Every structure is written in C-alpha cells, then in structure tokens.
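Both counts, for ligands and for their atoms, begin at 1 and track the order of listing. For clarity, every value in this text was computed on a predicted model and none was experimentally measured.
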Amino acid sequence: MSPTFPHRTASPSVAGSPRVGILALQGDVREHERVLRSLGAEVVSIRRPDELLAVDGLVLPGGESTVIDKLARGFGVAEPLSRAIAAGLPVYGTCAGLILLADRLEDGIEGQRTFGGLDVTVRRNAFGGQVESFEASVAVPTFGGPPVDAAFIRAPLVVSTGPGVEVLAELDDGGIVAVRQGNAIGTAFHPEVSGERRFHELFLSLVRAA
Ligand code: GLN
C-alpha cells in the first residue's frame, strides 16, 4: 500500500481564500465554479493527480458517474483522489458526485467503481423510469432557514447509512437525499443549479476548519 496521498500544498492558498478543486472530467463544473467564486473561494480544475496537491477541498460535480469513473481511472486520478478523501480532504459531491463518494453502489453498470468516502449505499438512477427529473423543496434542519430548492436530475438515493453518517435531508417519503460524514458531504440533488448556496457554504466551512 502506498503512503497516504498528501493534500496539503507547500505554497498554501492566500489567507482567507480557500483554494478548492473541482474534478473537471465531465459534468456541471461551471455551475459549481460560479457558486464557489461567489462565496470567495479560489477555484481550480482537477484532472491530474498532481493538481490535487494544491487544493484545500474538492467538489465532485453532477454529470454521469460511469463516465467520470472511467475518465478518472484513465487519467490516473481515481486512486490518489480516493486516498486524499480517506485522509480527510474536505469533499462535496452532488448527484453523480454523491454516487462517486458512496462506499457501496446499487444499480451501477458492470465494473463501475466509486472513490468512496461516505459509509452509505447509494442507488443510481433511483427515480428513473417514472419521473426522471423533478424539483422539490427540501427541508434541511441543520441550516435552520427556508427549505432548499432542489433539482433532482436522474438522481440517486441514499438507501442505507452507516453509524457515522449524519442525514442532512430527507424527502417527504423518508428517502435520504443529503448526508455528511466528517469532511464529506453528498447531495442527491443539485443546489448549484437553483441558486442555493448553503451546501457550498457548509463545505467551505469544513475546508477552512481542515
Ligand atoms: N444518473 C447519473 C449517474 O449515474 C447522475 C445524474 C446527475 O448527476 N445529475 O451518474
């Protein structure tokens, strides 16, 4: 086993402005970039292992988890990324990003892998078939304020959680759609497309504290 992948940079980000990477192989990278910049973060794209060295936190965008998985392995970034997450690099995954953070996956394609980091089982395309995409107003008790406008686009669902996992949001039927475990946050929906910034704020608070 190789040593833990270091995620601290030798030349740290400018004081007060955390440097966040977005895995930019496929998916809604720009939407995340816009929200993170509006919150004062410095944002860089991550495609190669060495680029991971220079960030204080990582966002895994929505898109297509099967494609991101294949490209990440092809670019040699999948394993360093898994190690960085396991070592505590703050990470936030939306939709396909949540799938990639799941330790266990249901309804993946043949050979599909995840980076892991959240002790959850996630079912891919859990709403597919009947209603592929919808918007819902989702209460997130930890935020206290108004509910989150959440866009579900061929969304996954968290079907089971391990003991260390905090459920941040559920649908009316009890389906788990947002979770946190330590420095890892995952949402089945896309707050970045509906102008919702509180999940990114929570993520940046983890980045600043790390
Ligand atoms: N269904 C997609 C997947 O399997 C996720 C969709 C999304 O990220 N909006 O990766």
Side-chain angles (χ1 to χ4, degrees), residues 20-36 43 45-47 57-75 77-79 81-82 85 91-138 140 148-161 168-171 173 175-181 184-200 202-203:
V20 173
I22 304 178
L23 186 64
L25 299 169
Q26 191 266 342
D28 70 334
V29 174
R30 267 196 219 157
E31 286 78 0
H32 281 286
E33 188 180 340
R34 191 163 359 95
V35 178
L36 290 164
V43 182
S45 294
I46 304 286
R47 293 189 191 83
L58 181 71
V59 166
L60 305 177
E64 178 48 56
S65 60
T66 56
V67 173
I68 298 174
D69 164 44
K70 271 190 199 141
L71 291 173
R73 283 192 269 152
F75 279 63
V77 77
E79 215 179 289
L81 211 145
S82 291
I85 294 169
V91 62
Y92 175 32
T94 62
C95 203
L98 165 67
I99 294 171
L100 289 160
L101 284 175
D103 284 350
R104 294 166 299 279
L105 178 60
E106 277 181 13
D107 293 343
I109 64 166
E110 180 74 32
Q112 181 173 0
R113 291 189 215 161
T114 66
F115 306 138
L118 285 170
D119 181 12
V120 298
T121 303
V122 166
R123 183 178 303 143
R124 217 176 129 246
N125 297 342
F127 304 92
Q130 327 121 20
V131 193
E132 297 228 325
S133 302
F134 60 98
E135 276 181 43
S137 186
V138 177
V140 185
V148 165
D149 276 331
F152 291 81
I153 304 166
R154 289 183 304 117
L157 191 64
V158 177
V159 292
S160 73
T161 58
L168 298 177
E170 291 169 329
L171 297 175
D173 65 4
I176 298 171
V177 291
V179 290
R180 174 184 168 190
Q181 183 177 22
I185 305 167
T187 59
F189 49 87
H190 295 266
E192 74 281 7
V193 303
S194 54
E196 170 62 52
R197 304 200 300 181
R198 287 172 288 175
F199 280 99
H200 292 80
L202 174 63
F203 164 67

Validation row: Asp149, Glu196 side chains within 4.5 angstrom (heavy atoms): no
Could you tell me whether the side chain of Val177 reaches within less than 4.5 Å of the side chain of Leu157, counting heavy atoms only? yes
Neighbouring protein residues of ligand 1 - any heavy atom closer than 4.0 Å: Gly62, Gly63, Glu64, Ser65, Cys95, Ala96, Ile99, Arg124, Asn125, Ile153, Arg154, His190
Is the centre of the Phe189 ring less than 6.0 Å from the centre of the Phe134 ring? no
Should Leu100 and Asp69 count as side-chain neighbours, where that means a heavy-atom distance under 4.5 Å? yes
Does the side chain of Asp107 reach to within under 4.5 Å of the side chain of Asn125, using non-hydrogen atoms? no
If the threshold is 4.0 Å, N to carboxylate O, is there a salt bridge linking Glu64 and Arg124? yes
